[in-house]
Number of protein chains: 2
Amino acid sequence: MTIFLDDHLSIDWTAVRFDNQKLTLTRKEFELLAMLSQNEGETMPRTVLLETVWGYRIGTRTRTLDVHIRRLRRKLGRFGEEYIQTIFGVGYRFVRLRAARPLQLSSPAAFAIGA
Amino acid sequence: MTIFLDDHLSIDWTAVRFDNQKLTLTRKEFELLAMLSQNEGETMPRTVLLETVWGYRIGTRTRTLDVHIRRLRRKLGRFGEEYIQTIFGVGYRFVRLRAARPLQLSSPAAFAIGA
DNA sequence: TCCAGGTTGTAAAAATCTTGTAAAAGTCGT
DNA sequence: ACGACTTTTACAAGATTTTTACAACCTGGA
């Protein structure tokens, strides 16, 4: 994932809004959540997440993805488990609950997330 | 940031007013604070600050930015840490506390004279 | 159904990376 | 050379990320 910065604009991980509340995310947490929410409704295989967010190759033995998922779920609040579902043996899937817009990445100029 | 000096004008960094008190800043401190306060509310990446204030290119290994931030914070007084926030892994962000106007740089002459 | 073997959850430790800080060293103008 | 300012150095403190170790949990086949 690439993040483009304008000379006078900057990303502030601290300022992500989610479901009407501010989320204080770390960089990796942000990238992971972005990855998931941008593919809302789709199951993202562990291999893909590890590849895109961490650059890990298939076969790498690590539990860091699980740990990050856990921290994200906690930060998402009471419905963390529902927002980020576990697809056993495959990966994770982000779903929108109610009418909440998952991640407000709004102004394109502020920061563009490249696939 | 570039500061233009007229032959007949001398800038007196001593005369910067901040939050109802006079600040005695050095040139670099002033430029850094100006940079930050002019982008109030935005996170200014270290790379940008180092580029604009120091002319350093990305990758330069230096701690001079941190040192200047520290001195600024001290001079800003009791709330230095709150005025200049650290955005971990990115840079710094200046925020206005209460109704205080951070730095009056508006009209070019405004800060030229120590009055 | 129940078990075995792989998969995921989790807390806590360890490792890594970033920022804070004091003090020394270097620079520049007068 | 002196004084004021700036930068570097070297380490401390802090934040984030990864690993470890084990518990809990699926799921397919006996």
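Just so it is clear: chains get the letters A, B, ... in the order the sequence lines come, proteins before strands, and each one is counted from 1.
- Contact between the side-chain N/O atoms of B:Tyr92 and the OP1/OP2 oxygens of C:dG20 is found at a separation under 4.0 Å.
- Regarding A:Phe88, its CZ atom lies at a distance of 12 Å from the P atom of D:dC25, rounded to whole Å.
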For this session: Please lay out, stage by stage, how B:Tyr92 and B:Met44 fare under the test side chain to side chain contact (heavy atoms under 4.5 Å, CB included).
Result: CA-CA 5 Å; B:Tyr92 296 94; B:Met44 301 298 286; 5.7 Å; no

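- Taking only side-chain nitrogens and oxygens, A:Thr26 never comes nearer than 4.0 Å to OP1 or OP2 of D:dA15.
- For C:dT21, neither phosphate oxygen OP1 nor OP2 lies less than 4.0 angstrom from any side-chain nitrogen or oxygen of B:Arg74.
- Rounded to whole angstrom, the span from the CD1 atom of B:Ile69 across to the P atom of D:dT6 amounts to 14 Å.
- Note that the CG atom of B:Leu23 and the NZ atom of B:Lys75 stand 8.0 Å from one another [nearest 0.5 Å].
- Atom C1' of nucleotide D:dT16 and atom NE2 of A:His68 are separated by 8 Å, given to the nearest angstrom.
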For this session: Given side chain to side chain contact (heavy atoms under 4.5 Å, CB included), test B:Trp54 with B:Thr60 step by step and report yes or no.
Result: CA-CA 11 Å; B:Trp54 279 271; B:Thr60 310; over 6 Å; no

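- Going from atom CZ of B:Arg70 over to atom C1' of D:dA13 covers 13 Å, rounded to whole Å.
- The shortest side-chain heavy-atom distance between A:Leu65 and A:Val53 does not fall under the 4.5 Å cut-off.
- Ranking C:dT8, C:dG20, D:dT6 by closeness to the B:Arg73 side chain, first place goes to C:dG20.
- Nearer to the 5' terminus of DNA chain C, by closest-nucleotide assignment, is the contact made by A:Val90 (compared with the other of B:Arg46 and A:Val90).
- If you measure from atom CG of A:Leu72 to atom P of C:dT10, you get 13 Å, rounded to the nearest angstrom.
- When distances are taken from the side chain of B:Lys28 to each of C:dT18, D:dT6, D:dT19, the shortest belongs to D:dT6.
- Phosphate contact (OP1/OP2 of D:dT20, side-chain N/O of A:Arg61, threshold under 4.0 Å): present.
- Atom pair B:Leu25:CG and D:dC5:P shows a separation of 11 Å (rounding to whole Å applied).
- Checking D:dT8, D:dT6, D:dT19 against the side-chain heavy atoms of B:Tyr56 singles out D:dT8 as nearest.
- Each of C:dG9, C:dT21, D:dT6 was ranked by its minimum atom distance to the side chain of B:Arg71; first place goes to D:dT6.
- Taking atom CD of A:Glu31 as the reference point, atom P of D:dT16 lies 14 Å away to the nearest angstrom.
- Mapped onto DNA chain C by nearest heavy atom, A:Val67 and A:Gly91 fall at different nucleotides, with A:Gly91 at the one closer to the 5' end.
- Within the structure, a side-chain polar atom (N or O) of B:Trp54 is placed less than 4.0 Å from OP1 or OP2 of D:dT7.
- Without hydrogens or angle criteria, B:Arg73 side chain to B:Ile84 main chain gives a donor-acceptor distance under 3.5 Å.
- One atom, CD1 of A:Ile84, and another, P of C:dG9, lie 10 Å apart when rounded to the nearest Å.
- Side-chain nitrogen and oxygen atoms of B:Thr86 include none within less than 4.0 Å of the OP1 or OP2 phosphate oxygen of C:dT18.
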